[in-house]
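The block underneath contains the structure these notes are about, expressed in structure tokens.
This chain uses plain numbering: 1 for the first residue, then up along the sequence.
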Amino acid sequence: QVQLVESGGGLVQPGGSLRLSCAASGRSFNSYTMGWFRQAPGKEREFVAARGWSAGTIIYADSVKGRFTISRDNAKNTVYLQMNSLKPEDTAVYYCAAGKVPWYRSSANGYDYWGQGTQVTVSS
């Protein structure tokens with residue numbers, strides 16, 4: 001069992017930055033692929049980024065590539081999402097997820113554990 005708690009959301013102007021954190025509790029954090037997803041009002045949940053346990057195992061959605069960076073600190077059982085050059089279309093509830101899935105999978109299938117979500121609003 002893994003519990004996930006996100007933090008770091010808020011209101012930011014276009015072009016600004018935010019860093020989301022996801023603290024995990026439970027066993028075997030290192031064995032899980034960690035992902036970030038988001039859901040805007042009236043839209044389906046979409047993949048943002050994922051990272052396996054090692055440094056080279058990272059994948060991003062095309063819409064955030066070059067602006068967002070996913071990282072994880074296995075010693076702290078925490079995964080981060082650094083979001084730069086934010087756009088109004090990035091506005092959504094952001095969810096952290098954990099699953100024993102291939103790190104290159106860009107869908108929610110197989111992610112067994114989800115956080116409660118944190119709101120990110122990009123607006124002037």
Sub-4.5 Å side-chain heavy-atom contact between [X] and [Y]:
| X | Y | answer |
| --- | --- | --- |
| Y60 | D62 | no |
| Y95 | L4 | no |
| P88 | P14 | yes |
| W36 | E6 | yes |

Quiz item: Out of curiosity, D90 CG to S63 OG, how far, rounded to the nearest 0.5 Å?
Solution: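 Between D90 CG and S63 OG, I get 7.5 Å after rounding to 0.5 Å.
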Quiz item: If you round to the nearest 0.5 Å, how far is OG1 of T57 from OH of Y104?
Solution: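 It is 11.5 Å, given to the nearest 0.5 Å.
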Tell me, please, which residues at least two apart from [X] pass side chain to side chain donor-acceptor pair (under 3.5 Å).
| X | result |
| --- | --- |
| S17 | N84 |
| S25 | Q3 |
| N109 | none |
| T121 | Q119 |

Quiz prompt | With K43 via salt bridge (charged side-chain N to carboxylate O under 4.0 Å, His left out) - residues at least two apart | solution = none
Quiz item: Can you name the residues that form a salt bridge (charged side-chain N to carboxylate O under 4.0 Å, His left out) with R19, not counting sequence neighbours?
Solution: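 With neighbours one apart ignored, the set is empty.
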Suppose we screen for side chain to side chain contact (heavy atoms under 4.5 Å, CB included). Which residues come up paired with [X], at least two apart in sequence or across chains?
| X | value |
| --- | --- |
| D112 | none |
| V120 | L18, L20, M83, Y94, V122 |
| V101 | T33, R105, Y111 |
| N74 | F29, N30, R72 |

Quiz item: Hey, does the side chain of Q13 reach the backbone of S124 with a donor-acceptor pair shorter than 3.5 angstrom?
Solution: no
Quiz item: Do the rings of F37 and W114 sit parallel, tilted or perpendicular, given the 30° and 60° boundaries?
Solution: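 Geometry flag for W114 against F37: tilted rings.
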Exercise. Indicate the atoms forming the closest heavy-atom contact of A40 with A92, along with that distance.
Key: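 That would be N-CB, 3.8 Å.
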Exercise. Mind listing the closest non-hydrogen atom pair of I59 and S106 along with its distance?
Key: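 Minimum heavy-atom separation between I59 and S106: CD1-CB, 4.5 Å.
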Exercise. Would you kindly confirm whether I58 and Y32 end up in one hydrophobic cluster when ILVMFWY residues are joined by side chain heavy atoms under 4.5 Å apart?
Key: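 Both belong to a single hydrophobic cluster.
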Quiz item: Going hydrophobic residue to hydrophobic residue with side-chain gaps under 4.5 angstrom, can you get from Y80 over to F68?
Solution: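 Different hydrophobic clusters.
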Exercise. Keeping to residues at least two apart or across chains, list the disulfide bond (SG atoms under 2.5 Å apart) pairs with something in residues 55-124.
Key: C22-C96
Practice problem: Begin with the C-alpha distance, continue with both residues' side-chain angles, and end with the deciding distance and a verdict on side chain to side chain contact (heavy atoms under 4.5 Å, CB included) for I70 and V79. | Solution: CA-CA 7 Å; I70 186 172; V79 63; 3.9 Å; yes
Determine all donor-acceptor pairs shorter than 3.5 Å in which one atom belongs to a side chain in residues 44-52; sequence neighbours excluded.
| unit_1 | atom_1 | unit_2 | atom_2 | d |
| --- | --- | --- | --- | --- |
| E46 | OE2 | R38 | NE | 2.5 |
| E46 | OE2 | R38 | NH2 | 3.1 |

